[in-house]
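Input: a single structure, listed below in structure tokens.
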Protein chains: 2
Amino acid sequence: MKVLDSPFARKLSAFVTLSEDDLRALSDLYGRRRKYPAGRDMSHEGQKNPVAYILAEGWVCSYKILPSGTRQIVDFQIPGDFLGLRSVLFRTSDHSVEPITRVEASEIIASDLLEAFAKRPRLAAAVLWAASRDEAMVVEHLVGLGRRDAPQRMGHFLLELGARLRLIGRGTKAGFDCPLSQYHLADALGLSSVHVNRVLRQLREDGLCTFRRGQVEFDDYDKLVEMAEFDRSYLDHDGPLLK
Amino acid sequence: MKVLDSPFARKLSAFVTLSEDDLRALSDLYGRRRKYPAGRDMSHEGQKNPVAYILAEGWVCSYKILPSGTRQIVDFQIPGDFLGLRSVLFRTSDHSVEPITRVEASEIIASDLLEAFAKRPRLAAAVLWAASRDEAMVVEHLVGLGRRDAPQRMGHFLLELGARLRLIGRGTKAGFDCPLSQYHLADALGLSSVHVNRVLRQLREDGLCTFRRGQVEFDDYDKLVEMAEFDRSYLDHDGPLLK
DNA sequence: AACCACGGCTAACATGGATCAGTCGGACGC
DNA sequence: GCGTCCGACTGATCCATGTTAGCCGTGGTT
């Protein structure tokens, strides 16, 4: 039961049915578990020989800093998400990672991962599915930055986060706990923190959703979906072809 | 020699040394070669059972249409690039593909690909490297949309395209042929076509680069690199760990 | 030859969001 | 208890970019 209850197993199980053996192989994967305090970077751009993790507890963000000093957050990772899956295949990490809260993460050894894939194809399929979903999220994020205005971006972002959290049992259609500051939102959505504040007030006054003191509440879920043009199909595309 | 001269082989060879046998396995991969006229979509979002291709000739773009009718181009593919590598693993294609010029593409059968990977690890490494580079480009694109202004975005985009084309022998530091319309640029860079025109004029008047009649000329490469804060390390990261 | 469609190009005007310059309240250190 | 720091919050102003409404040249069609 312990494994099944981990956010990672919950997420994968939502889309590929995993057997007892699959789950056991999954739990064998976890290497040493490490804790990181909030705030200090876990890795930064250009670092050599990086490690991959599965997030067990806490939130982190992956970002890039531009020469001008501004930053762009590419993605947030929540419990159950992979961290640095790509940078373990290639020698150089191409972005920095900052823990937003206190974090617990399990190290993943690349060779163990490949071995488990060879033995348990369904597990490989599930992990690939997760990686592909992450990529789809980045693309959707890109589309938002290019073609959505600030309120839509904000609404879309909160709805996506909510959907991801529900998958691991940390949120409902009513809302979720959210440790992000308005600066995090600004750096993710390509806005200034000042404007983030204005947009949040707007959403609150329009009765769409309320973000206050680390809590997101969806005041009118359907109306928010409509305003943000949120189409969640990119989050739960069909599983991989291999049965 | 024929295989070695294909844009795909040139691109891969630039980063992973491939043996004669690797190259032979590569040429076996190519399935039926198909031609598509410019303009009509090759595939659209939501399509089932899509196919993967390697582009042999011509340019295409992958894009998403928003409910409002605007579109965001996620990426351009040029000869040697994969097309729909991810959508072959998953049942649904999550974006549309439009040929910009007349296109020739070779169909890739998923099972052939996996088989080739099993037999020729270096080939697998090379293809993975290419996929990873594509992902890094999407991330860089996202950062640009979030945190760079229009002239920087434009400069960055043209420099990146130039670097990619040089890799397959279709451009130099002096410039390259470019079949994109200003509308394509607008949809890729998240701008209006009017503003694209303004920005291009600006770059020309500043002596940085000239885009006219299907030709990009870098008038002052180094100054353009500096203005756009172009750091090409994301394009040629080290190869994968597996030797 | 006349027509039309399309892409490049431009000016005038409108506006979303950035920037600047703060206030305020709560948490924390001493 | 007092400073200090951080994040939320706000108003005033400015500017980058969008929008609207065209013109022009070219190439294709009838």
Does Y63(A) have any ring-ring contact (aromatic ring centres under 6.0 Å, His included) partners at least two apart in sequence or in another chain, and if so, which?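 Applying ring-ring contact (aromatic ring centres under 6.0 Å, His included) to Y63(A) gives none.
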Taking ring-ring contact (aromatic ring centres under 6.0 Å, His included) as the definition, give me every residue that meets it alongside F211(B), ordered by chain and number, with sequence neighbours left out.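 Testing F211(B) for ring-ring contact (aromatic ring centres under 6.0 Å, His included), a comparison that skips the adjacent residues, returns none.
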Would you write out the dot-bracket form of DNA chain C, 5' to 3', with Watson-Crick and G-U pairs under 3.5 Å, [ ] for crossing pairs, | for pairs to other strands and . for unpaired bases? ||||||||||||||||||||||||||||||
I'd like to check the side chain to side chain contact (heavy atoms under 4.5 Å, CB included) partners of R102(A); sequence neighbours left out, ordered by chain and number.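 Result, side chain to side chain contact (heavy atoms under 4.5 Å, CB included) vs R102(A): K35(A), E104(A).
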Whole angstrom is fine here: how far is it from [atom1] in [X] over to [atom2] in [N]?
| X | N | atom1 | atom2 | result |
| --- | --- | --- | --- | --- |
| R147(B) | dA16(D) | CZ | C1' | 15 Å |
| R213(B) | dG27(D) | CZ | C1' | 15 Å |
| L145(B) | dA16(D) | CG | C1' | 15 Å |

Need one value for G214(A): base, sugar-phosphate or nothing, where a base atom within 4.0 Å counts as base even if backbone is also close, heavy atoms only.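 Nothing, no nucleic acid heavy atom in range.
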Please classify the nucleic acid contact of S192(B) as base, sugar-phosphate, or nothing, using heavy-atom distances under 4.0 Å.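 Base contact.
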Quick one: list whatever passes side-chain hydrogen bond (donor to acceptor under 3.5 Å, both in side chains) with [X], sequence neighbours left out.
| X | answer |
| --- | --- |
| D219(A) | T210(A) |
| R71(B) | E98(B), D187(B) |
| R201(A) | none |

Taking only residues at least two apart or on different chains, which pairs with a member in residues 167-186 of chain B satisfy salt bridge (Lys or Arg N to Asp or Glu O under 4.0 Å)?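 Only E57(B)-R170(B) qualify under salt bridge (Lys or Arg N to Asp or Glu O under 4.0 Å).
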Earliest and latest nucleotide of DNA chain C, 5' to 3', sitting under 4.0 Å from a non-hydrogen atom of chain A?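 So the contact region on DNA chain C extends dG17(C) to dC20(C).
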With sequence neighbours excluded, residues passing salt bridge (charged side-chain N to carboxylate O under 4.0 Å, His left out) with E135(B):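 Salt bridge (charged side-chain N to carboxylate O under 4.0 Å, His left out) list for E135(B), sorted by chain: R86(A).
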Salt bridge (charged side-chain N to carboxylate O under 4.0 Å, His left out) against R198(B), all qualifying residues, sequence neighbours excluded: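 R198(B) satisfies salt bridge (charged side-chain N to carboxylate O under 4.0 Å, His left out) with no other residue.
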Pairs under 3.5 Å (N/O, protein and nucleotides 9-13 of chain D):
residue: dC9(D); atom: OP2; partner: Q182(A); partner atom: NE2; Å: 2.7
residue: dC9(D); atom: OP2; partner: N197(A); partner atom: ND2; Å: 3.4
residue: dC9(D); atom: O5'; partner: N197(A); partner atom: ND2; Å: 3.3
residue: dT10(D); atom: OP2; partner: R201(A); partner atom: NE; Å: 3.0
residue: dA12(D); atom: N6; partner: R198(A); partner atom: NH1; Å: 3.4

Hey, what's the ring geometry for Y234(A) with H156(A), parallel, tilted or perpendicular (30° and 60° as the breaks)?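 Parallel.
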Just by distance, do the side chain of H184(A) and the backbone of P179(A) share a donor-acceptor pair under 3.5 Å?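 Not confirmed, H184(A) side chain does not pair with P179(A) backbone.
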